[in-house]
Amino acid sequence: MSKSRISREDALAFHLEPTPGKFEIKASVPMTTQRDLSLAYSPGVAVPCEEIFENPETAYDYTNKGNLVAVVSNGTAVLGLGNLGALASKPVMEGKSVLFKRFADVNSIDIELDTEDPEEIIKAVRLMAPTFGGINLEDIKAPECFIIEQRLKEECDIPVFHDDQHGTAVICAAGLINALHISGKKIEEVKIVLNGAGAAGIACLELLKSMGARHDNCIMCDTKGVIYQGRKEGMNQWKSAHAANTSARTLAEAMEGADVFLGVSVKGAVTQEMVKSMGANAVIFAMANPDPEITPEEVHEVREDVIVATGRSDYPNQVNNVLGFPYLFRGALDIHARAINDEMKIACAEALAKLARQDVPDEVAMAYGKALSFGRDYIIPTPFDPRLIYVIPPAVAQAGMETGAARRPIVDMDGYEQQLKARLDPTASMLRALHARARHAQARMLFAEGDDPRVLRAAVSYQRNGLGEALVVGREADVEEKLRAAGLGDAVGELKVVNAANTEYLQDYKDFLYERLQRKGMDQQDVHRLAARDRHVFSALMLAHGHVDAMVTGATRKSAHVMELINHVFDAGPSDGAVGTTAVLLNGRIVLISDTLVHEWPDENDLADIAERSAEVARDLGLEPRVAFVSFSTFGYPVSERAEKMHLAPKVLEKRGVDFEFEGEMTVDVALNAKSRAHYPFARLSDNANILVVPARHSASISVKMMQEMAGATVIGPILSGVDKPVQICSTGSTVNDILNMAIMAACKVK
């Protein structure tokens with residue numbers, strides 16, 4: 001995958017909009033009536049309080065403790081930025097909380113403690129521990145992090161886990177298991193050199209030793225060289241535990257004949273000469289971020305037999321903590337664990353290693369941008385792998401049960417695996433796949449409204465994220481002024497600006513347009529005004545002539561008007577097979593609603609066409625189509641002339657012999673709720689519908705806007721299909737991200 005460029009303005013806007021920060025808290029129970037309030041608070045809340053007082057274990061049953069983790073930091077070691085303090089660390093800790101939720105459906109709260117005194121941190125965390133099912137320590141500098149974690153493990157009866165140490169160690173161990181498997185070596189026999197004697201480095205070496213690496217075969221180095229027995233300078237009790245009996249004094253000397261190098265230090269710490277001196281089929285994990293100790297290119301210039309991993313996503317074999325901590329906590333929380341012990345960490349590493357050796361699903365390969373199979377360039381699973389959620393936690397839970405860490409063992413592991421699968425968020429995998437397809441297509445994307453700052457931001461993001469070349473329609477001076485006003489002055493010159501005045505093809509465009517419109521009341525002057533002055537028509541003409549691959553428009557003009565203009569160039573009317581399908585994403589569910597753009601009042605044949613087009617869109621999104629023709633009636637009752645066409649449309653599809661499920665007419669609850677549908681055992685849908693075909697465009701628009709405004713649904717679309725070229729039309733209220741999503745949808749249709 002290509003490395004994306006993120007500007008300061010993009011990063012700040014992402015954290016500012018639509019609301020400051022990265023997550024919010026919502027009630028999981030109704031809070032609308034007096035009865036609800038009485039149950040949620042006084043007097044009803046007294047009952048679970050009494051139960052928990054009598055039996056503290058029931059706190060896991062009656063509160064959110066069992067799925068709640070605290071992300072705790074004092075900001076003394078924030079990413080690679082150093083000591084920024086508690087407040088400035090909050091964006092990172094919020095991000096960590098979001099990752100917990102996104103990857104393992106673990107609720108998390110970030111807590112920033114404004115102190116550098118280990119005793120105060122220990123006291124604060126110990127006092128609030130009853131609230132949580134686990135504690136994730138983050139970005140606390142060494143050696144204080146060792147003291148804090150060890151004391152809290154002793155004083156708390158819930159898992160305490162410093163991810164900077166153990167998260168890196170677990171993923172490193174997983175990768176090393178497979179690297180040694182490929183090299184034909186055993187962990188008990190290999191010589192390991194580690195550079196970087198901080199929290200992560202020490203944790204890596206300790207975990208590998210607990211997995212069988214011999215102390216005498218391991219050499220740890222820091223900025224002063226080898227940590228050897230008898231060394232006095234720059235030592236502490238944690239380093240001393242790993243002091244080696246060796247004559248080597250420098251990293252270069254230690255590397256001679258080494259089988260494994262582990263780096264958690266700084267850019268450039270390893271030279272090509274050091275690589276040359278290592279043993280045959282060596283392994284190098286250069287995990288310094290953002291730049292590794294040595295790049296894979298530099299290694300392979302001098303050694304082809306070396307397996308290389310880094311901390312970077314733009315190289316194979318990324319050592320990424322997100323593969324570990326969400327799933328470790330998921331497994332630990334689900335057994336109400338007292339701790340996350342070494343056996344649980346090793347189980348996580350072994351499960352990750354085993355997963356990488358299995359066949360890789362197509363959706364993972366697509367998200368990664370290339371075919372993947374176990375080997376030198378694929379020894380660690382990718383974060384995109386949907387199997388992680390139901391493979392890693394059971395292994396962690398099993399280890400916790402076997403070692404006595406579990407308060408409540410899982411009896412039915414098969415059932416547990418099914419529960420974990422249900423936690424998967426299909427919307428995330430769908431969006432990842434779309435991004436990957438767009439990146440693979442590398443489409444020349446035309447953004448028709450280059451006078452709008454949102455469009456310019458989306459265009460810059462499209463290009464900087466490696467999705468392809470972005471072109472914008474506008475005047476050069478105006479585009480430059482708006483880019484600078486938006487804080488994107490560094491993007492001036494990056495985007496190609498096109499308009500009627502700077503194209504050599506204007507006459508070709510006008511001739512083409514006149515040929516189409518001369519018998520539709522347009523003379524040559526009308527055609528000139530359209531081609532030379534209307535950005536939507538000009539953009540469509542560029543696309544029709546193959547001068548760009550796809551286009552996105554609509555952010556500044558109402559979609560109905562834009563459709564009229566597009567129809568001057570393409571056949572995109574109701575009789576031409578064009579359909580607008582909108583994807584609504586909410587709480588892990590995806591529902592497509594059609595037609596939201598083209599057909600104002602379709603008849604039963606139009607509705608059947610809409611269903612077929614929408615099924616194509618669903619399959620493009622990775623969904624197996626299940627169509628429901630929805631109305632206010634269900635299977636003929638109540639009888640209404642208005643509902644008759646919804647009753648007839650399924651019969652039209654029956655005659656056509658389509659290859660997807662469909663049913664109707666029915667109310668929305670019957671279409672989307674299995675319990676409601678159970679009253680109609682003859683219904684042909686095998687599961688809840690994911691495509692709702694509605695009676696008219698106005699009802700489609702009302703449905704989508706209501707879901708968006710009242711439920712906070714994410715909306716993508718309307719996705720225009722049935723047009724000869726990839727055209728997408730966003731709405732006037734679109735955000736930068738909405739416009740970018742529509743560009744991605746357009747890119748995915750490029751052949």
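Source: prediction; values computed, not measured.
Across all their heavy atoms, P393 and Y390 have their closest contact at CD-N, 4.5 Å. Minimum interatomic distance between L323 and Q318 (heavy atoms only, all atoms of both residues): CD1-O, 4.3 Å. The shortest non-hydrogen separation linking A332 to P159 is CB-CG, 4.2 Å. For the residue pair A197 and M220, the shortest heavy atom distance occurs at CB-SD, 3.7 Å. Nearest heavy atom pair, residue D377 against residue P316, reads O-CB, 3.4 Å. Counting all heavy atoms, side chain and backbone alike, R303 lies closest to A280 at NH2-CA, 3.8 Å.
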Checklist entry - Yes or no on side-chain contact (heavy atoms from CB on, under 4.5 Å) for L420 and D334, after CA distance, side-chain angles and deciding distance? => result CA-CA 10 Å; L420 292 169; D334 290 339; 4.1 Å; yes
Item to check | Test log, rule side-chain contact (heavy atoms from CB on, under 4.5 Å), inputs L137 and V160 | outcome: CA-CA 7 Å; L137 301 174; V160 178; 3.9 Å; yes
Next on the checklist: Test salt bridge (charged side-chain N to carboxylate O under 4.0 Å, His left out) on E417 and K421; report intermediate values, then the result.
Outcome noted: CA-CA 6 Å; E417 184 176 320; K421 287 181 179 179; 3.8 Å; yes
Item to check | Stepwise side-chain contact (heavy atoms from CB on, under 4.5 Å) test for L207 and K345 | outcome: CA-CA 8 Å; L207 186 61; K345 289 182 281 186; 4.3 Å; yes
Checklist entry - Can you list the steps and then say if K224 with D222 is a salt bridge (charged side-chain N to carboxylate O under 4.0 Å, His left out)? => result CA-CA 5 Å; K224 302 182 185 303; D222 61 10; over 6 Å; no
Item to check | Verdict with reasoning, S265 to N195, per side-chain hydrogen bond (donor to acceptor under 3.5 Å, both in side chains) | outcome: CA-CA 6 Å; S265 52; N195 194 50; 3.0 Å; yes
Checklist entry - Step by step, would you call R312 with N289 a side-chain contact (heavy atoms from CB on, under 4.5 Å)? => result CA-CA 7 Å; R312 292 260 294 260; N289 262 321; 4.3 Å; yes
Item to check | Working for salt bridge (charged side-chain N to carboxylate O under 4.0 Å, His left out), residues D259 and K191 | outcome: CA-CA 5 Å; D259 299 290; K191 177 183 177 182; over 6 Å; no
Next on the checklist: As a quick check of understanding, evaluate salt bridge (charged side-chain N to carboxylate O under 4.0 Å, His left out) for D139 and K96, giving each step before the final call.
Outcome noted: CA-CA 11 Å; D139 290 357; K96 193 81 171 190; over 6 Å; no
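Counting heavy atoms from C-beta on, the side chains of F100 and V71 come closer than 4.5 Å. F261 is not listed as a side-chain neighbour of V275, based on a closest heavy-atom distance of 4.5 Å or more. Between N107 and V69, the closest side-chain pair of non-hydrogen atoms is not below 4.5 Å. At least one side-chain heavy atom of M745 sits less than 4.5 Å from a side-chain heavy atom of L621. Between V260 and L208 the shortest side-chain heavy-atom distance does not fall below 4.5 Å. Between L352 and I380, the closest side-chain pair of non-hydrogen atoms is not below 4.5 Å. With a 4.5 Å cut-off on side-chain heavy atoms, I227 and H242 do not count as touching. Side-chain atoms of V270 and M255, non-hydrogen and from C-beta on, do get closer than 4.5 Å to each other.
With values rounded to the nearest 0.5 angstrom, I307 atom CD1 is found 8.0 Å from F285 atom CZ. Of the inter-residue distances, the one linking C348 atom SG with R330 atom CZ reads 14.0 Å to the nearest 0.5 angstrom. One distance of note links CZ of R387 with CG of D359; it measures 8.0 Å at 0.5 Å rounding.
The pair K209-E206 does not count as a salt bridge, with every side-chain nitrogen at least 4.0 angstrom from each carboxylate oxygen. Using a 4.0 Å cut-off between charged side-chain N and carboxylate O, E94 and K90 make a salt bridge.
In this structure, R376 contributes its side chain and I182 its backbone to no donor-acceptor pair below 3.5 Å. No donor-acceptor pair under 3.5 Å is formed between the side chain of E343 and the backbone N or O of A399. Side-chain atoms of D549 never come within 3.5 Å of backbone atoms of A443 as a donor-acceptor pair (strictly under, hydrogens ignored). Proximity of a side-chain donor or acceptor of S89 to a complementary backbone N or O of V78 within less than 3.5 Å is not detected. A donor-acceptor contact shorter than 3.5 Å is absent between the side chain of R423 and the backbone of A104. A donor-acceptor pair under 3.5 Å is absent between the side-chain atoms of Q165 and the main chain of I202, judged by distance alone. Using a distance-only test at 3.5 Å, with no hydrogens or angles considered, a donor-acceptor pair links the side chain of Q272 to the main chain of E298. The backbone N or O of A244 sits nowhere less than 3.5 Å from a side-chain atom of H215 that would complete a donor-acceptor pair. The backbone N or O of D738 lies less than 3.5 Å from no partner atom in the side chain of N741, so there is not a single donor-acceptor pair. With hydrogens and angles ignored, the 3.5 Å screen pairs no side-chain donor or acceptor of R457 with any backbone N or O of V736.
A tilted orientation is assigned to the rings of F161 and H166, their planes being inclined by 30° to 60°.
The environment of K22 atom NZ is dense: over 12 non-hydrogen atoms of other residues, nucleotides or ligands sit within 6.0 angstrom. For K354, the NZ atom counts as loosely surrounded, since its 6.0 Å shell holds 12 or fewer non-hydrogen atoms of other residues, nucleotides or ligands. Surrounding CD of E304 are at most 12 heavy atoms belonging to other residues, nucleotides or ligands under 6.0 Å away. Within a 6.0 Å sphere centred on NZ of K749, other residues, nucleotides and ligands contribute 12 heavy atoms or fewer.
At a cut-off of 3.5 Å, with distance as the only test, no side-chain donor of T382 or D385 sits close to an acceptor on the other residue. For N317 and T310, the side-chain atoms include no donor-acceptor pair closer than 3.5 Å.
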